[in-house]
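Fair warning: this is a prediction, and the values are worked out from it, not measured in the lab.
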Amino acid sequence: MKNKRQMRTKIQKSTELVLVITLLISYAVLTLVVYQQSLSIMKREVRQETDYIRTAVLEAGEVYLEDIDSIDSDTRITWVDLDGTVLYDSKEPAQTLENHNSRAEIKLARKNGSGEEIRISDTMGKQLFYYAILLDDGTVLRVSKTMDNVATTAFNMFPVMIILAILMIGLAWILSKWQTEKIIRPINQLDIEHPLENDVYEELTPLLVAIDTQNKEKDAIADMRKEFSANVSHELKTPLTSISGYAEIIQNGMVKEQDIPGFAGRIYKEARRLITLVEDIIKLSKLDDESVELEKENVDLYGLCREVCSRLAPQIEEKHVHVEVMGEQVYYRGIRQILDEMIYNICENGVKYNVTGGELSVWAGNTLNGPKVVISDSGIGIPKEHQGRIFERFYRVDKSHSKEHGGTGLGLSIVKHGALLHGAEVHVESAYGSGTKVIIQFPNGN
Ligand code: ADP
C-alpha cells in the first residue's frame, strides 16, 4: 500500500516543478525587460550628455574637453575633424587613432546631423553605444558608453533570482505540506462504519458512497452466512437425530431381529442424505471461495448433456422417464466440473420432480446470443409464487417431497453460483402441473 508521504512528496514535487518553470520564465522575461529598459535609459543619458558637451565645446573649445578628461571610466568622448582625423579622444592619445570617417555613427551624423550604433569597440573590446552629432563647424562630436549585454544583465540579476527562488521554494514546500495535511486529516478521521454521516469535502463523496455500498454488501453477506449456518445446522441435525434415534432403539434391544435390516436401511438412507448434504455444502463453499481458480477449458455442452443423462440412467429407469438429448456440438470455455454440476442438478430435478413415465428433453446448441442449454420436463411443475425463490439455499417447494428424493435444497443454488461464475443466465419457465423448462444462456465470444 502506498502511504501518504509518497502522495505528499508527489504534490510537493509537482508544485516545485511548476514553481521552477515559473521562476525560469520570469527570470528570462525580467532579464529582457531590465536589459531593454537600462539600454533606453543609457541611450537617453548619452544623448543628453552629448548635448551638454556640445554646448561646452562651443563655448570653450578643446580646452574644455581636456578638462573633463574621463568624467567617468565608462564614458568616452571623441572629437573628429572634417577629414576624419581624431582631434581628441578621452581614452587614447588622438594621434594613435586611425581615420574615423568610416565609422557608421559618424557617417550618419554627417548625413543627418546625428547618428548612433551599438558595436564592439575595436579599441576597447567591449560592447559600446556610440552617439555622434555634427557640430556647426563640420566637426563631429561623439560620446560612447560601455553597456551591458543580455548575458551580463542576466548575470547581475542572478543573486536576486536565487534568493527569490529559495524563498519561493521554501514557501511552496510549507504551503503544500499544509495543504496535503489539510486534505489528508479528514480522510484519516473518516468514520468508515457510517461513511455517509461524515462531514467532509465534496470530492470524497464517491469514495464514501462506495464504502457505504460495500458495507451494506458486507452486512448482507454476513447475514446470509449467519442464516446459512443456521440452516446447515438444522439440516444436519435432522438426519443425525433420526440416525441416533434408530440406533438407540436397536441398542436398547427394542427391535425384533427381523426388523433390524429395515432400521439399518433407514439409518443408511439418512446417512446417505448427510453425505449428499455435506457434499453439496462443500461444492457451494468452493463456489463462494473466489480464490479457487479452476482451470478453464473448451467444453462441449452437447456432449456434456449426453454424459450427464447417461450418469442419471438408474434414476431415469426407475421413474420410467423418456429422455431425449438434441441439438449440436457447442463449445463453451469454462470450468468443466462446475458446468457438469449445473447441468446434472437441473437434469436430476427434471427426473426427480417428474411423473412416472414422463418426458425429459435436453437441447444444447448455439444461438445468436451465445451457447444455450434448455432442459424441459413434463413433471409436477413449480407454482408461480415459488419460482422466484427456488434458487435460494435450502429452499424447497415441498419439503417432504424433496426430502423423499434425497433433495437438499442446494442443487439450484449451485446452479445459480455456477452460472454467475460463467457469466451465464438461468431462467425458469414453469406452470404448476405442466412441467418445467430451465434455460441456461451463456454469453457470446469467450
Ligand atoms: P432439491 O435438492 O430440493 O431438489 P433444488 O435447489 O435443486 O433442491 O431445487 C429447489 C426446489 O425447487 C426443489 O425442492 C423443488 O421443489 C423445486 N424444483 C426444482 N426443479 C424442479 C423441477 N424440474 N420441477 C419441479 N420442481 C422443481
Side-chain angles (χ1 to χ4, degrees), residues 276 279-280 282-284 286-290 292-355 357-379 381-382 387 390-391 405 407 410-431 434-446:
T276 341
E279 275 171 356
D280 276 0
I282 290 171
K283 278 178 203 158
L284 259 180
K286 263 192 194 156
L287 285 173
D288 265 351
D289 190 359
E290 280 164 34
V292 190
E293 274 290 320
L294 289 167
E295 200 72 30
K296 279 196 174 180
E297 58 184 300
N298 277 327
V299 182
D300 170 23
L301 297 172
Y302 174 76
L304 196 58
C305 289
R306 295 198 73 95
E307 217 183 293
V308 164
C309 288
S310 68
R311 244 185 294 143
L312 278 168
Q315 287 101 303
I316 291 169
E317 263 163 44
E318 200 190 309
K319 211 135 194 204
H320 304 290
V321 172
H322 178 243
V323 180
E324 207 176 24
V325 181
M326 291 172 301
E328 59 191 7
Q329 273 198 343
V330 53
Y331 284 89
Y332 185 74
R333 199 171 162 69
I335 302 155
R336 174 180 278 279
Q337 196 196 329
I338 295 174
L339 293 171
D340 184 309
E341 274 160 19
M342 287 166 69
I343 295 173
Y344 185 90
N345 285 340
I346 300 170
C347 291
E348 194 193 23
N349 283 348
V351 180
K352 262 198 317 200
Y353 303 106
N354 217 320
V355 289
E359 305 270 337
L360 175 70
S361 129
V362 183
W363 181 90
N366 219 339
T367 65
L368 278 178
N369 297 325
K372 187 171 175 176
V373 176
V374 183
I375 298 153
S376 350
D377 64 64
S378 60
I382 307 163
Q387 283 177 17
I390 50 169
F391 291 96
H405 291 88
L410 291 175
L412 288 181
S413 318
I414 294 173
V415 172
K416 188 181 85 180
H417 269 71
L420 216 68
L421 204 73
H422 283 90
E425 276 180 37
V426 187
H427 296 284
V428 175
E429 286 168 18
S430 179
S434 66
T436 304
K437 191 190 244 186
V438 183
I439 302 147
I440 317 174
Q441 176 71 64
F442 291 91
N444 246 327
N446 106 315

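- With hydrogens and angles disregarded, a donor-acceptor distance shorter than 3.5 Å links the side chain of S430 to the backbone of G435.
- Residue-environment remark: CD (E425) stays at or below the threshold of 12 foreign heavy atoms within 6.0 Å.
- Proximity of I346 to E348: side-chain heavy atoms (C-beta onward) are nowhere separated by under 4.5 Å.
- The structure places OH of Y332 at 9.5 Å from CG of N444, a figure rounded to the nearest 0.5 Å.
- Taking the side-chain contact (heavy atoms from CB on, under 4.5 Å) definition, one finds that R311 meets it with E307, V308, D340, Y344, sequence neighbours left out.
- Here the side chains of L287 and L421 are in contact, with some heavy-atom distance below 4.5 Å.
- E297 places no side-chain N or O within donor-acceptor distance of the main-chain N or O of G334, the cut-off being under 3.5 Å.
- With contacts defined as side-chain heavy-atom distances shorter than 4.5 Å, the pair V374/S376 qualifies.
- Taking the side chain as every heavy atom from C-beta outward, Q337 and E341 approach each other to under 4.5 Å.
- A donor-acceptor contact shorter than 3.5 Å is absent between the side chain of E429 and the backbone of V438.
- Side-chain contact between M326 and V362: absent, with no pair of heavy atoms (C-beta onward) separated by less than 4.5 Å.
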field: Derivation and outcome, side-chain contact (heavy atoms from CB on, under 4.5 Å), residues K437 and D377
entry: CA-CA 6 Å; K437 191 190 244 186; D377 64 64; over 6 Å; no

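- To the nearest 0.5 Å, atom OH of residue Y353 and atom OG1 of residue T436 are 10.5 Å apart.
- With contacts defined as side-chain heavy-atom distances shorter than 4.5 Å, the pair I440/K372 does not qualify.
- Taking the six-membered ring where tryptophan is involved, the planes of F442 and H422 are perpendicular, since the angle between them exceeds 60° and thus also 30°.
- Counting all heavy atoms, side chain and backbone alike, V325 lies closest to R306 at CG1-CG, 3.8 Å.
- Between V330 and P371, the shortest heavy-atom distance links the atoms CG2-CB, 3.6 Å.
- The distance from atom CG of L360 to atom OG of S378, rounded to the nearest 0.5 Å, is 8.0 Å.
- Rounding to the nearest 0.5 Å places CD1 of I414 at 11.0 Å from NZ of K286.
- Put simply, the side chain of C347 does not reach to within 4.5 Å of the side chain of V351, judged on heavy atoms.
- The distance from atom SG of C309 to atom CD1 of I375, rounded to the nearest 0.5 Å, is 8.0 Å.
- For the pair V426/Q441, no side-chain contact is recorded, criterion being any heavy-atom separation below 4.5 Å from C-beta on.
- For the atom pair N345 CG and K416 NZ, the distance stands at 14.0 Å (nearest 0.5 Å).
- The minimum heavy-atom distance linking W363 with T367 is given by the pair CH2-CG2, 4.4 Å.
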